[in-house]
Amino acid sequence: MASDKVQTITDANFDSTINGGKPVLVDFWAEWCGPCKRLAPTVDELAADYDGKVVVGKMNVDDNPNTPSKFSIRGIPTLLLFKGGQVVEQVVGLTDKSSLKGLIDKHVA
Amino acid sequence: MTSTLRNVLIVGSGPAGLTAALYTARANLKPLVIEGLEAGGQLMLTTLVENFPGHRDGIMGPDLMGEMRAQAEHFGAEIIRGYVTAVDLMARPYTVTTSEAEYKCRTLIIATGASGRLLGLPSERALIGHGVSTCATCDGYFFRGKPIAVVGGGDSAMEEAVFLTRFASHVTVVHRRDTLRASKIMQDKAFANEKISFEWNAEVEEIKDSGKGEVTAMVLRNSLTNERKEIRVDGVFVAIGHTPNTRLFAGQIEMDAGGYIVTQSGTRTSVPGVFACGDVQDHVYRQAITAAGSGCMAAIDAEKYLEGLPQHLGEAHVTA
């Protein structure tokens with residue numbers, strides 16, 4: 001399965017992850033969020049497709065309250081794409097894989 | 001990518017699509033279901049469903065959809081993840097395209113449902129995910145101890161308002177009329193809840209504050225007196241109804257003024273061999289059980305159509 005390519009991102013490792021050099025896609029989710037579960041397989045596939053080029057991680061908003069609040073996240077699923085530690089793309093709600101790839105490709109050579 | 005010709009292709013995986021899948025699978029038609037972006041449909045966003053017959057204590061919406069899906073798969077329905085980007089109903093067999101593949105089918109069952117509608121304010125779009133939401137079960141969590149508003153007067157608005165009182169300090173229901181459209185039982189639940197208050201004859205003029213990137217207040221205009229007032233809220237949940245997901249079929253199939261697919265003699269559409277079921281063709285009943293019922297009808301209609309179809313018509317690329 002592709003899901004072993006997806007990292008677990010926490011409040012503790014967030015800063016070091018987004019400043020690690022590569023672009024980082026963070027999926028903010030929770031167990032009780034139906035649409036998040038629907039988006040999860042797509043995120044797994046993106047992790048496999050961009051393996052080595054983009055770090056793909058998931059942050060559980062229940063366990064990690066600080067980072068979602070820092071980015072004023074009030075709805076999930078939300079995907080944030082970071083490049084050089086800065087947010088360059090934000091996607092709220094369910095989105096299909098090809099649209100997501102289009103957004104990522106704008107920032108990945 | 002080429003693929004084999006399917007007898008039955010179903011677009012959508014809510015109660016209508018999965019019931020059509022169950023019945024066509026049991027008729028040995030080997031249906032293919034393309035589940036779509038909002039897989040499982042609107043029930044995936046609800047909590048306890050208390051009006052689906054056979055569940056006297058209610059059943060959680062996502063659990064009900066999980067059961068329907070498993071039941072359809074148990075009888076041989078093939079369900080794939082995917083999002084349909086184009087259909088061609090002008091030539092037979094019909095063509096359905098996703099971002100990954102192309103499928104040909106003798107019959108097509110449209111069960112794409114309807115999706116939550118927004119108010120249409122620029123400030124609303126800018127603040128989605130930052131306090132504006134169409135999914136109480138997804139986003140209620142972010143509003144613990146905070147005042148919020150629910151816009152709408154129907155059953156889903158009342159259900160969301162009651163659900164959100166678990167988190168919010170106060171819920172204001174904003175409705176543009178002076179009576180609710182919601183069923184009596186849902187109205188009673190909302191009226192009895194001391195955390196809920198109502199703003200009647202109120203139109204939402206603006207949601208603030210897109211400059212700050214978060215919801216801080218909303219401006220309401222009373223439609224009788226024209227008076228404006230601002231109420232402080234941290235979140236706005238929009239539950240003002242649904243729009244049918246029919247853009248894919250525009251120009252190829254008959255629709256009514258609201259964009260709903262027109263069906264007659266059961267689930268038949270204006271295109272032979274194309275059937276529609278569930279909320280995509282129903283702006284009146286819009287229940288899980290009626291969607292499932294019409295999904296069953298579409299399956300039986302498709303089966304009858306296939307029985308009468310000369311083999312060559314299904315195979316050849318005949319221009320309609």
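Each chain gets a letter, A, B and so on, in the order the sequences are listed, and its residues count up from 1.
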Correct closest heavy-atom pair for A:Ser72 and B:Glu214 would be OG-OE1, 4.1 Å

Answer with side chain, backbone, both or neither: which region of B:Ser133 has an atom nearer than 4.5 Å to a non-hydrogen atom of chain A? neither

With a 4.5 Å cut-off on side-chain heavy atoms, are B:Arg81 and A:Pro41 touching? yes

Mind listing the closest non-hydrogen atom pair of A:Asp96 and B:Leu37 along with its distance? N-CD1, 3.6 Å

Less than 4.5 Å to any heavy atom of chain A: does that hold for the side chain of B:Glu35, its backbone, both, or neither? neither

Can you say whether the rings of A:Trp32 and B:Tyr141 are parallel (under 30°), tilted (30 to 60°) or perpendicular (over 60°)? tilted

Specify which of A:Leu39, A:Thr78, A:Thr95 makes the most heavy-atom pairs with chain B at under 4.5 Å. A:Thr95

Let me confirm one number: the CG-OH distance from A:Leu94 to B:Tyr83, rounded to the nearest 0.5 Å. 10.5 Å

Separation between CZ (B:Phe143) and CZ (A:Arg74), nearest 0.5 Å, reads 5.0 Å

Quick check on B:Lys146 against chain A: is it the side chain, the backbone, both or neither that has a heavy atom closer than 4.5 Å? side chain

Partner of B:Asp139 under side-chain contact (heavy atoms from CB on, under 4.5 Å), picked from A:Val92, A:Ile73, A:Ile76, is A:Ile76

State whether the number of non-hydrogen atoms from other residues, nucleotides or ligands found under 6.0 Å of B:Arg117 atom CZ is greater than 12. yes

Look up atom CD in A:Glu45 and atom CD in B:Glu100, then write down how far apart they are to the nearest 0.5 Å. 7.0 Å

Nearest 0.5 Å, please: how far is NZ in A:Lys101 from OG in B:Ser99? 9.5 Å

